[in-house]
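Keep in mind it's a predicted model, so treat the numbers as computed, not measured.
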Amino acid sequence: MASLTVPPVPTWPRQDAIDLHKAFRGFGCDSTTVISILAHRDAAQRAAIAQEYRAVFNQDLARRLASELSGNHKRAMLLWVLDPATRDATVLKQALTGDVTDLRAATEVVCSRTPSQLAVVRHAYRARFGCHLEHDVTERTSGDHQRLLLAYLAVPRAEGGAVVVDASTVALDARDLYKAGERRLGTDERAFIRVFSERSWPHMAAVARAYHHMYDRSLESAVKSETSGNFGFGLLTVLRCADSPARYFAGVLHKAMKGLGTSDSTLIRVVVTRAEIDMQYIKAEYHRMYKRSLADAIHAETSGNYRTFLLSLVGRDRTY
């Protein structure tokens, strides 16, 4: 369930565009107005506002935002105004080909999305950047990590109402993974890639339960002991999202904010990409796991307009 709140009565996108233009005029930017509008419009409404802004003022809204905002607030807002598929495509492009590559971020996006989401992201990537996502993955990754990502992008796994979990296939997959890993000397990585890339999330969750029942050891522990690096990270991402995407992202957010300093790139990526999908569930898992609200954690780790924007997307759990 999304955490995004929109006005109960639909707004007029042209008026929103006019109000944004007024907020940009003069010395400095009225960020309060910008946030109050854009942080409370869904993807279709934001697209309509951008269309009206270009029609009325002959300017690209994203470019105007880039010239008016700065820092992490700018980074977050520029991702937010994109449609969800183009946003994921942009995160992937930056992670794979930016000045500083972030293969963990790219792996997370690929391995935490559903097959239907990935199909739309691949199309958006091609349309926006003029090349195939698979090409950039091949250029920037290697070995088993590369094979996992390419397989996960290519294989049409079942999802939603089409998922059928067959107990006999689940048991066979659990046995194959045991034989490919803990039972032998060395690891048959291709067997892990095959099972993890071809099976639906409900099926993988069932395989994890069967593995624990059959071998008295968690499949996650087996992955950790038998694999490493970005390949292991990808497998763990698939496995944890199969169990609970909300729990997975709650853990990602906690790790981004714990200790000295904050990984703002991770915080922005997760908040902006999940606000319209399942942020309410992520918030519930965060509170259950860490005994504090996600809003409190974000409030403590951020400041200024950046803080206000993220909290507008997440939703405040108390009055500050």
Exercise. With a cut-off of 6.0 Å (strictly less than), are more than 12 heavy atoms of other residues, nucleotides or ligands near OH of Y281?
Worked result: no
Exercise. Any chain of hydrophobic side-chain contacts (each under 4.5 Å) joining L172 to V207?
Worked result: no
Exercise. Going only through I, L, V, M, F, W and Y residues with side-chain contacts under 4.5 Å, is there a path from F57 to L61?
Worked result: yes
Exercise. Do any N or O atoms from the side chain of Q280 and from the backbone of S3 form a donor-acceptor pair under 3.5 angstrom?
Worked result: no
For this session: Report whether V252 and I298 are members of the same hydrophobic cluster (ILVMFWY, side-chain heavy atoms less than 4.5 Å apart, transitive linking).
Result: yes
Exercise. Checking E301 side chain against T262 main chain: does a donor-acceptor pair fall under 3.5 Å?
Worked result: no
Problem set entry | Side-chain donor/acceptor of R199 to backbone N/O of M204, under 3.5 Å | no
Problem set entry | Side chain R54, main chain Q59, donor-acceptor under 3.5 Å | no
For this session: Could you tell me whether E108 and R240 have a side-chain N and a carboxylate O separated by less than 4.0 Å?
Result: no
Exercise. Going from CG on D19 to CD1 on I37, what distance comes out if it is rounded to the nearest 0.5 angstrom?
Worked result: 5.0 Å
For this session: Could you tell me whether R274 and D278 have a side-chain N and a carboxylate O separated by less than 4.0 Å?
Result: yes
Exercise. What distance do D188 atom CG and K179 atom NZ have between them, rounded to the nearest 0.5 Å?
Worked result: 12.0 Å
Exercise. Counting N and O atoms only, with roles assigned by atom type, does the side chain of Q94 sit under 3.5 Å from a partner on the main chain of V91, one being a donor and the other an acceptor?
Worked result: no
Exercise. Would you call D264-R75 a salt bridge at under 4.0 Å N-O?
Worked result: no
Exercise. Is the closest basic N to carboxylate O distance between R87 and D83 below 4.0 Å?
Worked result: no
For this session: May I ask you to decide whether K224 forms a salt bridge with E220, counting only side-chain N to carboxylate O separations under 4.0 Å?
Result: yes
Exercise. Backbone N or O of S197 within a donor-acceptor pair of the R157 side chain at under 3.5 Å?
Worked result: yes
Exercise. R25: what forms a side-chain contact (heavy atoms from CB on, under 4.5 Å) with it, not counting sequence neighbours?
Worked result: H21
Exercise. Does one hydrophobic cluster hold both V238 and L150, with members joined at side-chain heavy-atom distances below 4.5 Å?
Worked result: yes
For this session: Answer yes or no: is there a donor N or O on one side and an acceptor on the other, between the side chain of R307 and the main chain of H299, under 3.5 Å?
Result: yes
Exercise. Does K74 pair with E68 as a salt bridge, N-O distance under 4.0 Å?
Worked result: no
Exercise. Are any of the side-chain nitrogens in R147 or E189 under 4.0 Å away from the carboxylate oxygens of its partner?
Worked result: no
For this session: Mark yes or no: R64 above the aromatic ring of Y53, with NZ or CZ under 6.0 Å from the six-membered ring centre and no more than 45 degrees from the axis.
Result: no
For this session: May I ask you to decide if T5's main-chain N or O and H40's side chain share a donor-acceptor pair within less than 3.5 Å?
Result: yes
Problem set entry | Polar side-chain atom of W80 near backbone of L38 as donor-acceptor pair, under 3.5 Å | yes
Exercise. Counting only N and O atoms by type, is there a donor-acceptor contact under 3.5 Å from the side chain of K93 to the main-chain atoms of F129?
Worked result: no
